[in-house]
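Let me begin by presenting the structure, written as structure tokens, before commenting on it.
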2 protein chains.
Amino acid sequence: MAHMPGRSGPAIDGADEGGVYRQEDDYDRGMPYDPSAYPPFAVTVDLVVLTVRRHSLCALAVRRGESPFQGRWALPGGFVRPDEDLTQAAARELSEETGLRVHDPDVVPAQDNGAHLEQLATYGDPKRDPRMRVVSVAHLALAPDLPAPKAGGDANSARWAPVEELLRQDGYGRDGEQAAPLAFDHAQILADGVERARSKIEYSSLATAFCPTEFTVGELRRVYEAVWGVALDPRNFHRKVTGTPGFLVPTGGTTTRQGGRPAQLFRAGGATLLNPPMLRPEV
Amino acid sequence: MAHMPGRSGPAIDGADEGGVYRQEDDYDRGMPYDPSAYPPFAVTVDLVVLTVRRHSLCALAVRRGESPFQGRWALPGGFVRPDEDLTQAAARELSEETGLRVHDPDVVPAQDNGAHLEQLATYGDPKRDPRMRVVSVAHLALAPDLPAPKAGGDANSARWAPVEELLRQDGYGRDGEQAAPLAFDHAQILADGVERARSKIEYSSLATAFCPTEFTVGELRRVYEAVWGVALDPRNFHRKVTGTPGFLVPTGGTTTRQGGRPAQLFRAGGATLLNPPMLRPEV
DNA sequence: TCAAAAGTGTTGGTATTACACCCATGT
DNA sequence: ACATGGGTGTAATACCAACACTTTTGA
């Protein structure tokens, strides 16, 4: 392995030969945009919508009706309109696909049942869409469990599927559903979204976005277990989340919907940071 | 505060009336792109290039020569070309502005002097550029200390400036340099990049990207202190970083370039995750 | 000899685990 | 009565902040 001294490598030397720190000469924001010099890009938003159903982490997938990737599953998404912000576009798509409203981030105690929505990453490989240059700004949405997509109308056009099923490159899903790879680069986007969710619930209160407005400590724990695919000690988990000031707010009510001894109901508190973080056990 | 029951809010009910999970009807990827229906977007990359100079966190700023924001400081950036990926475009811009090569992420022990480069976030407010719709994919680059921008040629066209000076909305910088707000939404982008860097060095080996290839424990500590703006205990810091397996690799050499007793030289090791994380003291 | 920076030892407080154990309900 | 899930107590352990102390150089 060739070793390069700290501050005087060829890159810097080369830069000193005239290329460093110069203003770029083939682009300046002051120039009017010339479409013939820079062909237009299409800009879309794609959504990774995650929820926890039946103890497993699921994502919303829609079936493509058109070529390319006709008949294959894909992430929901669509064009950004000329007058809307990227976040607005993502919220609109989310609402169109699921009926979910988006949480107002200014309303700190999450009183409503809205979903969490955040920008994930942007994907712009020139070949990611075979027809044209499409740059997609992917967003991550976390939602509480919702009723299954209606079978009427355009049946089989949308479903919640376990993420490991959508990311599996061969084999078949639960209902014999063909588990062909997702369309475009959506497998990569989904994988990135799942990883973001997995790491973010470690140190934030984001897991509560998977729960209904009022939930028990055990329900919150099952969210962590489903997202991480691990088992957590119920006793220590209880101590951890109830012992963090501002993380959970008791509503006063109790429920026995999970059976057993009545459990206290909580709402998400104002604290968005979990410090020290929840420890994710090795798998 | 109106409370909404968990799983039967109006949003869901409304969705059940026919709007939920339907395929979007005004957009389908199978349709050929119609520019008259969806006016083209320009896609750019903007760069937050950070380095540590004289014990303070600095960012690269370039002066705008054209309207709008003529004469104001801005982040370096430029159009994404039709045939290049977003990461390629960011790496090209970084090289053009600083002469820095980008680290090959596959070369795990960071032997070269390249910079760290990662996507930060995408900014697409319809009004962020007064002339046209521009979506900018911001990237974050971390570089070791570089020679100051050359004063020859297009003098005063680029400089390293402390981030708090660039983010200050009033007053003047060190040289009487006018500290007007950065052009466009670049203050927000810079703030987001700084926050990303501050939080990421907590739990990763990213701080080594600010150091030359070989560095001492004290030099690495001064990076943390500059980025976070705090003082760290030299003894505990030493134990922490040398005690994490694979984090630092001793090169065998020593140096006294900081004065005092000779210090061991290290290179960044293969470990990219620092677990448990470095604790960022309260400010 | 002194200042400066590197590096080691020690200690008390705190957090985390891995349990044993009890509580309140539905069947 | 008993299964089920909720919730508390406790001891062993690991970790970390704080600081005293030693080492090795340049001035």
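Here is the naming used below: chain letters follow the sequence lines, and residue numbers restart at 1 for every chain.
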Atom pair distance, as rounded to whole Å: [atom1] in [X] and [atom2] in [N]:
| X | N | atom1 | atom2 | answer |
| --- | --- | --- | --- | --- |
| B:L232 | D:dA17 | CG | C1' | 12 Å |
| B:D233 | C:dA5 | CG | C1' | 13 Å |
| A:L248 | D:dG6 | CG | P | 14 Å |
| B:Q258 | D:dT23 | CD | P | 23 Å |
| B:L265 | C:dA5 | CG | C1' | 14 Å |
| A:F266 | D:dG6 | CZ | P | 11 Å |
| A:E219 | D:dG7 | CD | C1' | 15 Å |
| B:R235 | C:dA4 | CZ | P | 15 Å |

Report yes if a donor N or O on one partner sits less than 3.5 Å from an acceptor N or O on the other, where the partners are the side chain of [X] and the base of [N]; otherwise report no.
| X | N | answer |
| --- | --- | --- |
| B:R261 | C:dA6 | yes |
| A:R239 | D:dG9 | yes |
| A:R257 | D:dG5 | no |

Q. Are B:R54 and B:W160 in a cation-pi contact, defined as NZ or CZ under 6.0 Å from the six-membered ring centre and within 45° of the axis?
A.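 No cation-pi geometry.
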Q) Can the ring centroids of B:F237 and B:Y224 be said to lie less than 6.0 angstrom from one another? A)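 B:F237 vs B:Y224: aromatic centres under 6.0 Å.
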Q | Min side-chain heavy-atom separation A:T208-A:F215 under 4.5 Å | A | yes
Q: Ignoring backbone atoms, test whether A:R221 places a side-chain nitrogen or oxygen under 4.0 Å from the OP1 or OP2 oxygen of D:dG5.
A: no
Q: May I ask you to verify if any side-chain N or O of A:H238 is less than 4.0 angstrom from the OP1 or OP2 atom of D:dG7?
A: yes
Q) Rounded to the nearest 0.5 Å, how far does CG of A:L220 lie from CG of A:L248? A)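 One finds 6.5 Å between CG of A:L248 and CG of A:L220.
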Q: Measure the spacing between NE2 of B:H238 and CZ of B:R221 and express it to the nearest 0.5 Å.
A: 10.0 Å
**Q.** Side chain of B:V217 (C-beta onward), nearest among C:dG7, C:dA24, D:dA17
**A.** C:dG7
Q.
Of the listed nucleotides (C:dG7, C:dT16, D:dG5), which one gets closest to any side-chain atom of A:R222?
A. D:dG5
Q: Let me know, please, whether B:G259 or A:G259 comes out on the 5' side of the other along DNA chain C by nearest nucleotide.
A: B:G259
Q: Specify the residue among A:P262 and A:N236 whose closest nucleotide of DNA chain D lies further upstream toward the 5′ end.
A: A:P262
